[in-house]
Amino acid sequence: NEELLPTSFDLSPAYPNPFNPSTNIHFAVPNYDRVDIYIYDMAGRLVTTLANGYFNPGHHSVSWNASSHASGMYFIKMQGADYLKTQKIMLIK
């Protein structure tokens with residue numbers, strides 16, 4: 001079985017969400033390209049960088065272990081080429 005390569009960038013919904021203490025973030029990259037994935041808090045402050053570099057075409061995933069962070073709403077921001085998407089996630093302790 002040959003894996004089908006994505007035809008566009010995509011940020012899938014984080015799972016689980018709400019989460020405690022970690023969540024998985026799946027994303028698709030259509031071409032060898034730079035991808036940045038950041039986590040921000042409600043005040044817009046950068047909390048952590050989960051991805052910052054070049055990825056081969058395909059489906060990828062990163063995890064965020066937020067055990068050292070406070071409960072609350074956070075935002076995942078993914079940037080790649082002309083792609084930008086943000087989604088909300090909720091940490092519940």
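All values reported here derive from a predicted model rather than from experimental measurement.
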Query raised in the report: Is there a donor-acceptor contact under 3.5 Å from the side chain of Lys93 to the main chain of Gly72?
Result: no
Report summary line: Shortest non-hydrogen pair, Pro57 vs Pro30, comes out as CB-O, 3.5 Å
Report summary line: Besides Phe55, the hydrophobic cluster formed by Ile, Leu, Val, Met, Phe, Trp and Tyr side chains linked at under 4.5 Å, directly or via other members, contains Phe9, Leu11, Phe19, Ile25, Phe27, Val29, Val35, Ile37, Ile39, Val47, Leu50, Val62, Trp64, Tyr74, Ile76, Met78, Tyr83, Ile89, Leu91
Report summary line: Rounded to the nearest 0.5 Å, the NZ atom of Lys85 sits from the OG atom of Ser12 at a distance of 7.5 Å
Query raised in the report: Can you hop from Met90 to Met42 via hydrophobic side chains spaced under 4.5 Å?
Result: yes
Query - Gap separating the NE2 atom of His69 from the CG atom of Asp41, nearest 0.5 angstrom - result: 9.5 Å
Query raised in the report: What pair of heavy atoms forms the shortest contact from His59 to Pro6, and how long is it?
Result: NE2-CD, 3.9 Å
Query raised in the report: Looking only at atom types and distance, does a side-chain atom of Asn52 sit under 3.5 Å from a main-chain N or O of Tyr38, one as donor and one as acceptor?
Result: no
Query raised in the report: Of the non-hydrogen atoms in Ser61 and His26, which two are nearest, and what is the gap between them?
Result: CB-ND1, 3.2 Å
Report summary line: Closest non-hydrogen atoms of Asp36 and Gly53, given as atom of the first, atom of the second and distance, are OD1-N, 4.0 Å
Report summary line: Here the gap from Arg45 atom CZ to Tyr40 atom OH, rounded to the nearest 0.5 Å, amounts to 13.0 Å
Query raised in the report: If only atom types and distance count, is the side chain of Asn31 paired as donor or acceptor with the main-chain N or O of Asp33 below 3.5 Å?
Result: no
Requested in this report: Could you identify which residues cluster with Leu84, counting Ile, Leu, Val, Met, Phe, Trp and Tyr as linked when any side-chain heavy atoms lie under 4.5 Å apart, either directly or through a chain of such contacts?
Outcome: none
Query raised in the report: What are the two closest non-hydrogen atoms of Ser22 and Pro16, and how far apart are they?
Result: O-CD, 4.0 Å
Query raised in the report: Closest approach of Ala14 and Thr23, non-hydrogen atoms and distance?
Result: CB-OG1, 3.6 Å
